[in-house]
Amino acid sequence: MKITIASGKGGTGKTTLSTNLSAFLAQRKEKVVLVDLDVEEPNSALFLNTALTRAKIAKKSVPKWESSDCTLCGECADICRFNAIVALPEEIMVYPQLCHSCYACSELCPTNSLPMMEVRIGEICEFNTSYFNLVEGRLDLGQEMAVPLIAQTIDYVDESYPDYLKLLDAPPGTSCPVIEASKDSDFVILVTESTPFGLNDLELAVETMRVLNQKFGLVINRYGIGDNGVEEYCKKEGIEIIAKIHNDKEIAKCYSKGEMIYTRVEHFKRSLEEIANFIGSLK
């Protein structure tokens, strides 16, 4: 089973929940793997005592122009939906950072002048922790697109951990990386905070999940600050609130030290129990 933990905005506590929930489930003898899909800035390992066990180079295929047989017809540039190819009077320019590896230009080139070549985009790293296994994608500096690495990281986990509960820590927001991290999961847990800003971005996240026809529920973090707008919205829209994690300075102290919160804050542990029981009901 794959559970994506996502949010409409950054800073809602998504990674805090992901790391602590993974450790809590592992201590309950669940076979669980945490997957950090925020590949532009993965940070789950900061909260865990980790040991790197494997690093796999991730690549994508991009076209390389070969001028010998090219007639400079410009069909490749017309075909490309992502503006990754520009046809100039005397050459074809390829922008690998914009390429989505769709192969259209290469396959449809009448002179086969754009063969696909593999280029490195990052790494897929696997760690052992004191509690469970962690897999993260790390996008190389200068790379523009996170989606190919997110997809490869999910495929790696599916192949390596077929019988495990997979918790996917998604990037923040509602753009393509979040869609890639959520579209094939069995359920999505949206994390928000009970503030007007939290509600605004929650509405965007809910709209995204509904476009994907994805099952989802809500965890309200830092409950007690702000107002009751999030709860009223959920009641109006028929969205299930799985748990409420109360605002507590002790949680912030544990977070700042990189400690597991549920071992020190009892009400936080009870909230994790609610979430764990909910996940159990999905099986």
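Looking at heavy atoms from C-beta onward, Ile5 lies in side-chain contact with Leu21 at the 4.5 angstrom threshold. A 4.5 Å side-chain heavy-atom check between Cys109 and Cys76 finds every atom pair outside the cut-off. Counting heavy atoms from C-beta outward, Leu25 and Leu165 have side chains that approach closer than 4.5 Å.
Residue pairs meeting the salt bridge (charged side-chain N to carboxylate O under 4.0 Å, His left out) criterion with at least one member in residues 240-264, sequence neighbours excluded: Glu231-Lys244, Glu259-Arg264. Residue pairs that meet the salt bridge (charged side-chain N to carboxylate O under 4.0 Å, His left out) test with at least one member in residues 42-55, sequence neighbours left out, do not exist here. Listed by first then second residue, pairs satisfying salt bridge (charged side-chain N to carboxylate O under 4.0 Å, His left out) with a partner in residues 150-171 read Lys2-Asp158, Lys14-Asp169, not counting sequence neighbours. Listed by first then second residue, pairs satisfying salt bridge (charged side-chain N to carboxylate O under 4.0 Å, His left out) with a partner in residues 203-224 read Glu193-Arg222, Arg210-Glu237, not counting sequence neighbours. The side-chain hydrogen bond (donor to acceptor under 3.5 Å, both in side chains) pairs that include a residue from residues 131-151 are Arg120-Asp140, Asn133-Tyr161, Glu136-Arg138, where partners are two or more places apart or lie in different chains.
Lys59 meets the side-chain contact (heavy atoms from CB on, under 4.5 Å) test with Ile57, Glu118; sequence neighbours excluded.
Panel note: side chain Glu75, backbone Pro110; no donor-acceptor pair is recorded below 3.5 Å. Looking at Ser7, its side chain never comes within 3.5 Å of a backbone N or O of Thr192 through a donor-acceptor pair.
Ring geometry, His246 versus His267: the interplanar angle exceeds 60°, so the pair is classed perpendicular (tilted spans 30 to 60°).
Residues Glu273 and Tyr262 have side chains that never bring a donor and an acceptor to within less than 3.5 angstrom of each other. The closest side-chain donor-acceptor pair between Thr111 and Asp69, if any, does not fall under 3.5 angstrom.
Taking the ring centroids of Phe132 and Tyr164, they lie at or beyond the 6.0 Å cut-off.
Closest approach of Pro63 and Met116 over heavy atoms only: N-SD, 3.7 Å.
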